[in-house]
Amino acid sequence: MGLVVQKFGGTSVANIEKIRNVANKAIREKNAGHDVIVVLSAMAGETNRLIDLAHSAAELPDEREYDSLISTGEQVTITLLSIVLNSMGYRARSFLGFQVKILTDTAFKKARISMIDTHAIEQELKKGSIVVVAGFQGVDEENNITTLGRGGSDTSAVALAAALRAERCDIYTDVDGVYTTDPNICAKARRLDKISYDEMLEMAMTGAKVLQPRSVEMAKKYDVPVYVKSSFTDEGGTLVTKEDKEMEREILSGITYDRDQAKITVVHIPDKPGIAASLFTPLSERNISVDMIIQNASSKGYTDLTFTVSKKDMKEAQKCVEATAKDIGAQKVEVDDDVAKVSIIGVGMVSHSGVAAKMFKTMADESINILMISTSEIKISCVIQRKYTELAITVLHDAFQLEKKHK
Ligand code: ASP
Ligand code: MG
């Protein structure tokens, strides 16, 4: 029998009782004959607490020290789990990122894994240990501790599964799988039995919180089957895997939303080559990522340009864009953070026509004004007024009949 990687999120390790539950899940796989690697997050709320501490110590904490600090939550959970497993008569060993050697680049707060040395883990597995690895962290060439971005334990787990050629990677969380949309908003939301890597990636990037987008990218690249399942029940689960015929028959697989959006419009810009570059270069230099961009067709030599950023970046983006707007002779800058992005996702879009029209018509029938639109092959996103988020999701879910599986 092969290797299984199990990852448990913060709510699954929030206290000792829950950690015992995790131990039982690991033991079950072990007793079934598998080699087992468990990847853990910090206890729920712990990473936030550490981040707050860092910011109460200094407005702009030193990044190296910051990553060292916020990675400590995982040290607590992996050691506790190992202690519990050992006390239950199972050999277990915890590993921090540097002890495995999960090598990353030096981009603190959002480091990328470049290599995993599998030697130490393999030695322990050979001895029969359950190996427990800290998620979310790695180490760079200079031995600095790095972190992989919020939600990064998912990526740690998939990366380990890829490096050690695991049979599968089970992501245990507080929901029992991936749903067609947020069940808290739409009571008819349906759990998907499976979803393609590409759809899951679009869902994760447009607001579904269940998996870190990078983990999905990595799963796709190395062809790692990922199961999203609940820590608290054995029912359900969603398989994230390669696209198949069945998936194409469904027009859509899901609807996501993102309320963490702010819209910035630069009005009446003299239209000449280089205006977009002069607006967006200073933003990228400040590490502000821009999501949607729309430039209007120019009229009488002038144009408007609208784009969205994450809410936390709005103030800084506004300041930055106002400075550029002056330089390039634009009339003014308008900002609006009372917006949300609603997206529909599905590989079936490629082969079904009229999907966009149906989306727009459905929203028009409810008098929901669309402020911005962007599309990819398998996704259509609309920015709308924030107060219509729930309504848009509910009517779209009905219109595309997502509550039932299409055969
Ligand atoms: N503990 C880290 C976070 O809260 C990593 C994770 O949970 O995946 O972002
Ligand atoms: Mg998570």
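Only this structure's heavy atoms are used, side chains among them; waters, hydrogens and symmetry mates stay out. Note that ligands are numbered from 1 as they come in the structure, with each ligand's atoms numbered from 1 the same way.
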Worksheet entry | Contact (N/O only, under 3.5 Å) between Glu74 and ligand 1 |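 Yes, at least one N or O pair falls under 3.5 Å.
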Practice prompt. Tell me which one of Ser71, Ala134, Gly73, Ser41 gets a heavy atom nearest to atom 7 (O) of ligand 1.
Written response: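 That would be Ser41.
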Discussion item. Suppose we measure from atom 4 (O) of ligand 1 to each protein heavy atom; which comes out shortest, and what is that distance?
Written reply: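 Its nearest protein heavy-atom neighbour is Arg150 NH2, 2.9 Å.
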Do [X] and [Y] have side-chain N/O donor and acceptor atoms under 3.5 Å apart?
X      : Y      : value
Ser376 : Glu202 : yes
Ser310 : Asp260 : yes
Ser129 : Glu124 : yes
Asp67  : Thr147 : yes
Asp140 : Thr106 : yes

Worksheet item: At a 4.0 Å threshold, what atoms of ligand 1 neighbour a non-hydrogen atom of Gly151?
Response: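 So the answer, numbered in order with elements, is 3 (C), 5 (C), 6 (C), 8 (O), 9 (O).
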Worksheet item: Does ligand 1 have any atom that is closer than 4.0 Å to a heavy atom of Gly135?
Response: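 No heavy atom of Gly135 comes that close to ligand 1.
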